[in-house]
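Data block below; observations after.
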Protein chains: 2
Amino acid sequence: MIEMGETEAEPHQLGGMPAPDQQVENFRHTRRARRTEIAEDYVELIADLIDSGGEARAVDIARRLGVSHATVIKTVGRLQRDGLVVTKPYRAIFLTDEGRRIAIWSRQRHELVVKFLLAIGVSKEVAYADAEGIEHHVSAETLAAFERVVGEINGRRSASGH
Amino acid sequence: MIEMGETEAEPHQLGGMPAPDQQVENFRHTRRARRTEIAEDYVELIADLIDSGGEARAVDIARRLGVSHATVIKTVGRLQRDGLVVTKPYRAIFLTDEGRRIAIWSRQRHELVVKFLLAIGVSKEVAYADAEGIEHHVSAETLAAFERVVGEINGRRSASGH
DNA sequence: TGGAGGATGTAGCCAAGGCTACATTTGAGA
DNA sequence: TCTCAAATGTAGCCTTGGCTACATCCTCCA
């Protein structure tokens, strides 16, 4: 029935959906992003804890995330295995260069997503909540579009006095 | 003119982060959303397959998602257990009323997210890809904001004689 | 200085969502 | 009708990310 060639005979585009081949790629891409969400949340949080309190301890991470400390310790072990974090038994958790790079990028992206949602009129509470999930799936191109929109809205706001 | 929120100076605690208690809630909320992403993807896809081809078969779902058929069959079993689909051995997969409800809602949300990304200038390829991940984390309030923005931009475009 | 209590680590459980390999069923065409 | 390829199902493995329960370590202060 379906040949590899796919020359013509465009199969039903169904309300603007991407072609099947492209859709597979999109799903794959999203699954990949889902696997890195947790890591991004952790390094971002660890960076915040270090910046504000000087060090990141497992118990603080657990409290901020709302999970058990055992979960945190196991996850931190995986992050260390993956080279994002360094820690020694009974000691605080530190970021590697790679981990810090990801943390900085994640934080910038996170803050821009929040700023964007606020700019288009989303309430503060919902903006924070939605950004937590959305941020991990925003590509550089979309992020740039967000930034443009924020600039436009702020520009128009200051132009109208106030 | 695009609606704007946040005219006043916000309390800038630690780079605009929410209070710890609220942050815990946001993380919890996001984890909850992550658990339903797969189910939403499946029912949305099953609805598309039924609408376009008359029935949804496991092999088609597997091809569209880019996963093995064994994974699909196991997941469909979970969806049936959870009351979203109905199927019998060696037969096609159908949606329950609940499943159809979720599928319709997911599709509308998905399409609006795509339309929104296109409206703010994201390329078609990236819009499709990012929407696949973003859609599951967009609350009703944010979705409403997206809709407003789409209306604004399209209104401005047609007003300027295009 | 010696506990006590908090922080950390370990063990073991669970479900989800992937996979491969193999078994069974279906159904279309010769 | 009968066969065989494709579809479906089953078994068993893996990793992740949750949890509880219990063990060990550290540190501060009485």
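Naming convention: chains lettered A, B, ... in sequence-line order (proteins, then strands); numbering from 1 in each chain.
Residues passing the salt bridge (charged side-chain N to carboxylate O under 4.0 Å, His left out) test with B:Glu40, sequence neighbours excluded: B:Arg109. By the side-chain hydrogen bond (donor to acceptor under 3.5 Å, both in side chains) test, B:Gln22 is found to be paired with B:Asn26, residues two or more places apart in sequence or in another chain being considered. The side-chain hydrogen bond (donor to acceptor under 3.5 Å, both in side chains) check on B:Arg31 picks up nothing, with sequence neighbours excluded. For B:His69, the ring pair (Phe, Tyr, Trp, His ring centres under 6.0 Å) test picks out no residue, with sequence neighbours left out. Under the side-chain hydrogen bond (donor to acceptor under 3.5 Å, both in side chains) criterion, A:His29 pairs with no residue at all, not counting sequence neighbours. With sequence neighbours left out, the side-chain hydrogen bond (donor to acceptor under 3.5 Å, both in side chains) criterion links B:His110 to B:Glu44, B:Glu135.
Backbone-only contact: A:Arg63 has heavy atoms under 4.0 Å from sugar-phosphate atoms and none from a base.
Comparing the axis of the opening five pairs of the helix from C:dT1-D:dA30 to C:dA30-D:dT1 with that of the closing five pairs yields an angle of 10°, rounded to 10°.
Looking only at distances, a side-chain donor or acceptor of B:Arg28 sits under 3.5 Å from a matching main-chain atom of A:Gly66.
Between A:Asp51 and A:Arg107, at least one side-chain nitrogen of the basic residue sits less than 4.0 Å from a carboxylate oxygen of the acidic one, meeting the salt-bridge criterion. The residues A:Asp41 and B:Arg34 are annotated as salt-bridged, a charged nitrogen and a carboxylate oxygen being separated by less than 4.0 angstrom.
Between B:Ser68 and C:dC19 there is a side-chain polar atom (N or O) within less than 4.0 angstrom of OP1 or OP2. At C:dC19, one or more side-chain N or O atoms of B:Thr71 fall inside 4.0 Å of OP1 or OP2 (strictly under the cut-off).
One atom, CZ of A:Phe27, and another, C1' of C:dG18, lie 16 Å apart when rounded to the nearest Å. Straight-line distance from the CD1 atom of A:Ile38 to the P atom of C:dG17: 13 Å, rounded to whole Å. In this structure, B:Arg35 atom CZ and C:dA15 atom C1' are separated by 10 Å, rounded to whole Å.
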Which pairs of donor and acceptor atoms, one on a side chain in residues 74-82 of chain B, lie under 3.5 Å apart (sequence neighbours left out)?
from	atom 1	to	atom 2	distance (Å)
B:Thr75	OG1	B:Thr71	O	2.9
B:Gln80	NE2	B:Thr87	O	3.0

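To the nearest 0.5 angstrom, A:Ile120 atom CD1 is 6.5 Å from B:Thr142 atom OG1. With rounding to the nearest 0.5 angstrom, the NE2 atom of A:His137 is 8.5 Å from the CD1 atom of B:Ile134.
Interface residues of residues 72-86 of chain B facing DNA chain D, ordered by number: B:Ile73, B:Lys74; criterion, heavy-atom separation under 4.0 Å.
By the 4.5 Å side-chain criterion applied to Ile, Leu, Val, Met, Phe, Trp and Tyr, B:Val24 is assigned to no cluster and stands alone.
Between B:Ala92 and B:Arg34, the one whose closest nucleotide on DNA chain D sits nearer the 5' end is B:Ala92.
For DNA chain D, the outermost nucleotides in 5' to 3' order that have an atom under 4.0 Å from a heavy atom of chain B are D:dA7 to D:dG18.
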Might you list the N or O atoms of the protein lying below 3.5 Å from N or O atoms in nucleotides 22-26 of chain C, with each pair's distance?
from	atom 1	to	atom 2	distance (Å)
C:dT25	O4'	B:Tyr90	OH	3.2

